[in-house]
Amino acid sequence: MTSSPAHPATPQDSPLGRASAYADQYDASLLFAIPRAPQRAALGINGQPKFFGADLWTAYELSWLNLRGKPQLAIAHVVVPCESTHIVESKSFKLYLNSFNGTPFGSEAEVKQRLQTDLSAALWQGGPVQQSAGVRLVLPADFDREPIHELDGLSLDRLDIDCDRYQPAPDLLTAALDEQPVEETLTSGLLKSNCPVTGQPDWGSVQIRYAGPQIDQAGLLRYIVSFRGHSDFHEHCVERMFTDIWQRCRPTKLTVYARYTRRGGLDINPWRTSHPGALPSAVRTARQ
């Protein structure tokens with residue numbers, strides 16, 4: 001079995017929204033890479049971003065054959081570094097995973113290594129792999145240990161507010177710049193955006209952890225709701241949130257973490273932070 005580099009192009013060139021043949025023999029060329037740079041440039045981010053972070057993927061539909069032809073199962077946790085030059089379009093990732101279904105592998109370690117090698121090549125598109133994708137497989141004996149937990153923090157959804165803006169509106173963000181700084185963790189389950197190709201809704205929860213001038217909570221919740229009519233990939237939505245809050249509210253520290261519900265057996269959970277630190281635990285919410 002050999003791997004092939006993924007082909008970069010625009011989202012409109014991807015398998016999204018198109019009828020697709022489902023290969024059941026391993027094929028790394030199914031991975032479709034999309035550059036991060038154009039969407040970042042639209043936010044004024046050129047070159048290396050000033051934030052740290054990763055995209056945490058969970059793949060619930062991973063299966064292959066052992067050398068005796070018996071199907072094997074696993075859940076895959078994948079960590080995509082935000083420093084990578086590209087993301088992998090989610091439907092192509094599903095098609096790629098499906099190609100394992102009829103392919104024999106000698107062990108789960110071999111599957112893990114193949115996933116890591118192929119994804120890393122796709123994320124860097126022929127350039128030097130500066131940071132590999134992280135891959136962890138959870139086997140059926142450990143499925144019962146996969147926890148469900150809501151994002152920690154004070155829920156903004158408790159606020160009784162009027163909402164009338166459904167495109168990203170950073171002017172809704174304000175902070176008490178002339179008062180004593182605070183440290184808060186705020187959450188909302190009202191995040192919704194749309195796929196930029198198919199228009200299908202993407203549902204999520206978001207956690208905002210910050211230190212600095214206190215952010216007006218009602219304005220922050222209205223801002224989160226304002227993504228309801230916005231079309232973009234999960235990763236870019238979170239980077240837009242991080243950039244808007246960082247610029248308008250001037251925190252000294254900021255972390256934005258979103259967990260989106262799954263589609264096609266995959267969930268994508270971007271995490272962006274102003275300071276290096278440990279990855280958040282990949283604990284799914286009840287809706288995931």
Side-chain angles (χ1 to χ4, degrees), residues 10-14 16-17 34-46 49-51 53 55 82 87 89-91 151 153 155-175 177 184 186-210 213-251 254-263 267-274 285 287-288:
T10 67
Q12 287 69 29
D13 297 320
S14 77
L16 271 173
I34 297 174
R36 293 188 189 267
Q39 293 298 325
R40 287 181 173 174
L43 298 176
I45 302 171
N46 295 293
K50 296 183 179 179
F51 47 72
D55 306 320
C82 77
I87 62 175
E89 187 277 312
S90 61
K91 184 176 179 181
L151 293 171
S155 175
L156 295 169
D157 302 346
R158 75 190 193 283
L159 301 174
D160 186 15
I161 61 170
D162 295 325
C163 299
D164 59 4
R165 300 177 71 178
Y166 303 109
Q167 290 292 335
D171 58 288
L172 294 170
L173 296 167
T174 61
L177 301 177
E184 286 187 317
L186 306 171
T187 65
S188 174
L190 301 184
L191 176 61
K192 175 194 168 288
S193 54
N194 302 305
C195 172
V197 178
T198 67
Q200 294 182 59
D202 295 319
W203 305 94
S205 298
V206 62
Q207 179 190 68
I208 296 159
R209 191 187 305 272
Y210 75 96
Q214 187 164 34
I215 297 173
D216 176 70
Q217 293 184 7
L220 178 58
L221 180 56
R222 291 189 182 99
Y223 170 74
I224 293 168
V225 170
S226 76
F227 279 75
R228 195 170 184 86
H230 182 59
S231 296
D232 211 341
F233 291 120
H234 304 353
E235 300 91 336
H236 300 146
C237 287
V238 169
E239 291 183 0
R240 181 180 291 272
M241 284 188 177
F242 180 96
T243 301
D244 287 345
I245 296 169
W246 184 259
Q247 291 178 346
R248 298 192 66 91
C249 300
R250 305 181 196 173
L254 175 64
T255 298
V256 180
Y257 179 35
R259 293 199 64 89
Y260 278 89
T261 58
R262 74 181 79 166
R263 184 185 296 164
D267 63 39
I268 307 170
N269 310 287
W271 171 71
R272 300 293 183 269
T273 181
S274 60
T285 65
R287 289 194 297 168
Q288 292 183 298

(message) Treating Ser274 as the side-chain partner and Leu254 as the backbone partner, does any N or O pair qualify as donor plus acceptor under 3.5 Å?
(response) yes

(request) Specify the closest pair of heavy atoms between Ile215 and Tyr210, including all atoms of both residues, with the distance to one decimal. (result) N-OH, 2.9 Å

(message) Any non-hydrogen side-chain atom of Arg40 less than 4.5 Å from a side-chain atom of Asn46?
(response) no

(message) Rounded at 0.5 Å granularity, tell me how far CG in Leu190 sits from SG in Cys163.
(response) 8.0 Å

(request) Please report the shortest heavy-atom distance between Asp157 and Gly189, naming the atom on each side. (result) OD2-N, 2.8 Å

(request) Measure across Pro251 and Pro213 and return the closest heavy-atom pair with its distance rounded to 0.1 Å. (result) CA-CD, 4.3 Å

(message) Students often mix this up, so state it plainly: with edges at 30° and 60°, are the rings of Phe51 and Phe242 parallel, tilted or perpendicular?
(response) perpendicular

(request) Answer whether the closest heavy-atom distance between the side chains of Trp271 and Val238 falls below 4.5 Å. (result) no

(request) Look at Arg272 together with Glu239 and state whether they make a salt bridge at an N to O cut-off of under 4.0 Å. (result) yes

(request) Could you tell me the separation between the NE2 atom of His236 and the CD1 atom of Ile45, rounded to the nearest 0.5 Å? (result) 9.5 Å

(message) For the OG1 atom of Thr198 and the CD atom of Gln200, what is their distance to the nearest 0.5 Å?
(response) 3.5 Å

(request) State the NE2-SG distance between His234 and Cys195, to the nearest 0.5 angstrom. (result) 8.5 Å

(message) Are the side chains of Gln39 and Glu235 in contact, using a 4.5 Å heavy-atom criterion?
(response) no

(request) Taking the side chain as every heavy atom from C-beta outward, state whether Asp232 and Ser193 have any pair of such atoms under 4.5 Å apart. (result) no

(request) Can you measure from CG (Leu177) to CD (Gln214) and round to the nearest 0.5 angstrom? (result) 11.5 Å

(request) Step by step, work out the side chain to side chain contact (heavy atoms under 4.5 Å, CB included) result for Ile87 and Arg36. (result) CA-CA 7 Å; Ile87 62 175; Arg36 293 188 189 267; 3.3 Å; yes

(request) Indicate yes or no: at least one non-hydrogen side-chain atom of Lys192 is less than 4.5 angstrom from one of Thr261. (result) no

(request) Check whether any side-chain heavy atom of Phe227 lies under 4.5 Å from a side-chain heavy atom of Leu191, and answer yes or no. (result) yes

(message) Please check: side-chain N/O of Arg158 versus main-chain N/O of Ser155, any donor-acceptor pairing under 3.5 Å?
(response) yes

(request) Under the side chain to side chain contact (heavy atoms under 4.5 Å, CB included) rule, what do Arg240 and Ile245 come out as? Steps first, then yes or no, please. (result) CA-CA 9 Å; Arg240 181 180 291 272; Ile245 296 169; over 6 Å; no

(message) Can you list everything that forms a salt bridge (charged side-chain N to carboxylate O under 4.0 Å, His left out) with Arg250? Sequence neighbours excluded, please.
(response) none

(message) Listing request: all side-chain hydrogen bond (donor to acceptor under 3.5 Å, both in side chains) pairs with a residue in residues 219-231, at least two apart in sequence or in separate chains.
(response) Tyr223-Asp244

(message) For a quick test of reading the model, state the closest non-hydrogen atom pair linking Lys91 to Glu89 and the distance between them.
(response) N-OE2, 2.7 Å

(request) Return yes if a side-chain donor-acceptor contact under 3.5 Å exists between Gln288 and Arg262, otherwise no. (result) no

(request) Start with the C-alpha gap between Ile161 and Leu221, add the side-chain angles, then the distance that decides, and say whether side chain to side chain contact (heavy atoms under 4.5 Å, CB included) holds. (result) CA-CA 9 Å; Ile161 61 170; Leu221 180 56; 3.5 Å; yes

(request) For Asp267 and Arg259, indicate whether the former's side chain and the latter's backbone hold a donor-acceptor pair under 3.5 Å. (result) no

(message) Between Asp202 and Arg263, does any side-chain N to carboxylate O distance fall below 4.0 Å?
(response) yes

(request) May I ask you to decide if Leu186's main-chain N or O and Glu184's side chain share a donor-acceptor pair within less than 3.5 Å? (result) no

(message) Working to the nearest 0.5 angstrom, can you tell me the gap between Leu173 CG and Cys249 SG?
(response) 4.5 Å

(request) Would you indicate whether the side-chain heavy atoms of Ile208 and Thr255 approach each other to under 4.5 Å? (result) no

(request) Output yes when a side-chain donor or acceptor of Gln167 lies under 3.5 Å from a complementary backbone atom of Gly229, and no otherwise. (result) yes

(request) Answer whether the closest heavy-atom distance between the side chains of Pro270 and Tyr260 falls below 4.5 Å. (result) yes

